[in-house]
Structure formats: C-alpha cells, structure tokens
Amino acid sequence: MYVLGLELSTQSVKALVLDVDSGEIIHRQSLDYDSHLPQYKTQGGVLSSEEPGLRHTSPAMLVESLDLAFHFLQKSDVDISRIRVVKADAMQHCTVYTNKSFGNILGRLSGETPLLKQLEPAFSRATSPIWEDRTPEQEAAYLTEAIAPLGGVLALTGNPVELRFPAVQILKWAREHPEEYTETAHIFCLSAFVTSLLSGNIAPVDTGDGWGTNMNTVDIDNPGWSFPMLKIMDAYLNAHGVKHPALDRKLGVMVPYDHPLGTISPYFVDRYGLSPKTKVLAGTGDNPATLLGCGGGTVISLGSSYTVNGMASLFTAKDQEHNLFGYTPGNTMALTVFTNGAKVHDHFLNSSLKCAPSPQSWSRYLGLAGDPPLTPDENLLLPYLNPESVPCAPAGIIPGFDARDAGASIRALCLSQVLSLRLHSEHIQHADRICVVGGGAQNSLMMQWLADAFNALTYHIQTPSFAAPMGCAISGARALLGCTYEDVSIKYVRESKGSVWQPIKANVKSMEGLLTRFHELEKQHKL
Ligand code: XUL
C-alpha cells in the first residue's frame, strides 16, 4: 500500500510516495516552475511586476504543474494503482479565484484533455497573490481600526492583521476590480483549490490554512469563519461600490486537519491510472504539513522563507510576532516567518561567484564563509533583500554586500540569519532538539550556529527538503492504519544518521553578546 503527498510550494511542485508497509520513500520528485513551465516567465515561481511589493503567481501555472507531477509519477517505476490515499499541501495564504462554472467543470473533467484546458473558463482572477505580497496596506489599516472596538483582529482570529493573509488581499482586489469580485463564486486557499482538483468537488479548507486568513474563529474544535470579521469586510466592500458582497458564501466550509473528503476524481483514474478507490484528505498549509513531517517537535525550515515552527497552545500576546495556525485535530501551532530566507543566499551567490546555483557553486560559496568558532566581534548585517515580516522592516542589506571580501559578507549573512531566528523565537520554549529542514539544512555552518544560538541539538530528517509532502504522506498512512499521530510519527519520521550538531560551549557564550549586538542593529532599522 502506498500513499502520495503532494506539495505546491512557491517555487516548485513536489511529489513523494511512501510505502506504508516498509516505511520507505519510494519516489520523490521536485519540479520547479521556472524551468518546467517557462512560458509563465516566473522567477522563483513569482510573476514579474513593476509594482514594488506585489508578488503574484499564476493559478494556470499551478494547475499545469499538478498534471506535470502526475505525468512524472506515471513515468517512474511506481505502481501508481497501489496508491491508497492522496493529500496535498501548498504555500500558505495564496488564494485562487473561480466563477460559478468551477463546480460543474470539476464534476465532468475528462481524462483525455489536460486539466488547464478544461479549467481555463473557470478562473475569475488571472493571478493569485502569494505570501510574499505586501501591497494591501490601506486595507490592513482599515481592518485593524474597524475591528478594534470588538476586541481586535488578534483576539478574534489568533493573528494580527497580516499583509500576506487573504482578508486584506481580497479587500484590495475587490476594491480595485469590483466586477471580478462579483463574478467570483469561490475564493480558495491554494491547498483547498488543489484538493478540489484531486477530489473533483469543491473542497473545504482545513484549520491549518483557514487560520492563516484573518477571517477564522479561534475555536479549534468547531472550525469556522468569524462573522464579525466578515461583516466588517462586507461593510468595506459596500463602501467601495461592491454590490452584495456576501463574502461568507464565497469562502465555503472549514474542516479539521486531515478531514476525509471521499475518493479521487475520475480524471486521475482515467489519465494516470490511479485506483478509483484512492481516498483524498483535506489539504493543508506547508507549515502544518512540515511540522507533522518532522514528527511534531520544534522545526526550523530554511527554505525560500525561513520559519520557526512548533506546537503551541492558543495564547495571544499583544506584540506577538508569531502566527497561530490549526494543526492536527484539537491542536494549534505557532510559527514565525522570516520573508528573507534562501533568496538572500541566492543573491549573495550571484554577487560573489557570478554563477547559477549548483551543488558545486554552493559548496564553493559556503567554503568562503569559514569555520564555526565565533569571536565577539564577528561582522553582522541586516539581511533584508525584500521587506521583512519578522521583524517588520523595510528592504535593505545593511551595511551591504562587500564584493572585495565576499567571504566576510557570506559569513555575516549566515550568522545574522541565525541570530534573527533566535531573537524572534520567543514562542518556542525549552526546545532541546531542533529538526532543521529545507534546502538550507545542507548548510552545516548554519546547522552548527543554530545549535549554538538555541543551545539545543540540531539534526536532519531523511529528505529534509520534502518534509511537507512527507507530512501529507504521514497523514495518509494514519488514515489507512487508523492509529494516532504519535504512532505514525514514530513509525515513519526517520532521523538522518550522523547529521547531529551539538552546541559548542564557547560559541553558546559568544552568541549572547552577538544577540545583543544584532538586536541593537535591528532597532536602528525598524519601520
Ligand atoms: C507562513 C508563510 C510562509 C509560506 C511559505 O505564514 O507565509 O511560510 O507558507 O510557503
């Protein structure tokens, strides 16, 4: 018996097949959008734009990428008919917009024709804002103020108003394009959109993604939308000439994590040979999926963005920097998102070595950064290639990349990113082991310094860059075996032998002073 985990992340589509009986990962594939779907001209999966802060992707490209993932899976050695459960995760906060034809089209998809060709008439908005977008400032100010008399957005939804969350993104778009808004029958979080394609029905959103919208309630046992929030949003839309906004009808239903949704769409049976009995589970955000893929402990993900992620009870501090999302049924998780993650390394790699990323160029790049022992006067820098979310700060690499001493800049970047992760992780308490995933987990200097800064052991799981689709596969295995999340985590999450970094005492000590210096530097450059 096999289970399939799929992921639509910012830059790529990933597929992972887990053999539930042996516990082996028998297939994993990552296809980046830029090179496999070059017709969309994306850079790192993002459409080009003149407007600063505007970061959108193409829903058509995402649909095509799903077909591509299945095409490669079909061409692999995997006996696809043995897949019993499919679950997808996606970058959080990305939204997809369709008109009322979408449900009908889904219900009669033909395996003869690619998905996109059939779905094209269903889109009511040509592009999809992603989590990196920073444009709806006017709407964020409105929501913050309008909800204040009702206790504030944080108290109602578990999160402060976030520019990247769907609430303000929807309001801005509807203000600018009221006719598109009126045409729209369904607004999906990307994970629910992909799951709709997989199940052939309009799929609900789960609490993992639904809580990342600023429109949810904080009742984890009874998932749903916050009517005070939707009412205030409708009022804004009315005030901007949008007739009959009725946002609640467009958002659909919210369900708990891993809610079973029936069987796979006949499209995937006819076109790729999946069994018609394959079950589909509710999709989720990449962060909850990553947490499960690592066994539910404390996780640092060093991907396109960097995140610090762990289970947490529901609590809201006025100045909280973290976000709260739903996790496995009845549980919540906390996460801080550092927008400027691997992208800054890509930029430095390009500036220092003038070459494209490859295993060889990365190892030369890291070689320039030197060894782990730290001194109190290490160079530090603020690594904000793009505007930063944690802490909220405008773009700026300060004091800058030094082309004459690239090694010093690369070292300062690695160290400063580690310090920033530590400084803004108050939501993670007493972690003595930290699982590090994402492409950056290959950076052994950062693995060591993370161990030093957190005074905790850092380690890898096998296939750290597939942690989220692995989390989806683990959900699938749990649904098949009917056991607990703990049981499946113990059974399937495998630590990578020999990849453990213990804190170095002298470095732990040096980190204290470096943290203070970094904090000072940060304070000089806040919004
Ligand atoms: C989470 C967030 C990012 C995206 C990356 O709130 O914005 O981690 O989920 O895909």
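Counting starts at 1 for both ligands and their atoms, in listed order. Keep in mind the model is a prediction, meaning the values are calculated, not measured.
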Atom indices of ligand 1 within 4.0 angstrom of M91 heavy atoms, with elements =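 Under 4.0 Å from M91, ligand 1 has these atoms: 10 (O).
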
Option passing ring pair (Phe, Tyr, Trp, His ring centres under 6.0 Å) with F348 (candidates Y365, F401, W362) =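 Exactly one pass, corresponding to F401.
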
Between CE on residue M61 and CG on residue L68, distance to nearest 0.5 Å |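 Reported value, rounded in 0.5 Å steps: 11.0 Å.
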
Flag T307 as yes when one of its N or O atoms lies below 3.5 Å from any N or O atom of ligand 1, and as no otherwise.
->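 No, there is no polar N/O contact under 3.5 Å.
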
N323, any N or O under 3.5 Å of ligand 1 N or O =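 N/O-N/O distance under 3.5 Å: no.
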
Decide whether the shortest distance between a heavy atom of L335 and an atom of ligand 1 is less than 4.0 Å.
->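 Yes; L335 lies near enough to ligand 1 that a heavy-atom distance drops under 4.0 Å.
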
Any G285 heavy atom less than 4.0 Å to ligand 1 |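 It does not, in that no heavy atom of G285 comes within the 4.0 Å cut-off of ligand 1.
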
Between the side chains of T339 and N386, is a donor N or O closer than 3.5 angstrom to an acceptor N or O?
->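 The criterion, which ignores hydrogens and geometry beyond distance, is not satisfied for N386 and T339.
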
Should the pair F325 and F165 be assigned to parallel (<30°), tilted (30 to 60°) or perpendicular (>60°) ring geometry?
->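 Aromatic pair F325/F165 classed tilted.
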
If you measure from each non-hydrogen atom of F165 to ligand 1, which part falls under 4.0 Å: side chain, backbone, both or neither?
->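 Answer for F165: neither.
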
Could you check [atom] against the protein and tell me its nearest heavy-atom contact, residue, atom and distance included?
atom: atom 9 (O) of ligand 1; value: D286 OD1, 2.8 Å
atom: atom 6 (O) of ligand 1; value: H93 NE2, 2.6 Å
atom: atom 7 (O) of ligand 1; value: R164 NE, 2.9 Å
atom: atom 1 (C) of ligand 1; value: N287 ND2, 3.2 Å

So is R175 actually on top of Y236's ring, under 6.0 Å and inside 45° of the axis?
->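 So R175 doesn't make the cation-pi contact.
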
Is a side-chain donor or acceptor of N214 paired with a backbone partner of E162 at a separation under 3.5 angstrom?
->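 Looks like yes, one N/O pair under 3.5 Å.
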
E7 side chain to D286 main-chain N or O, any donor-acceptor pair under 3.5 Å?
->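 No: the side chain of E7 does not pair with the backbone of D286.
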
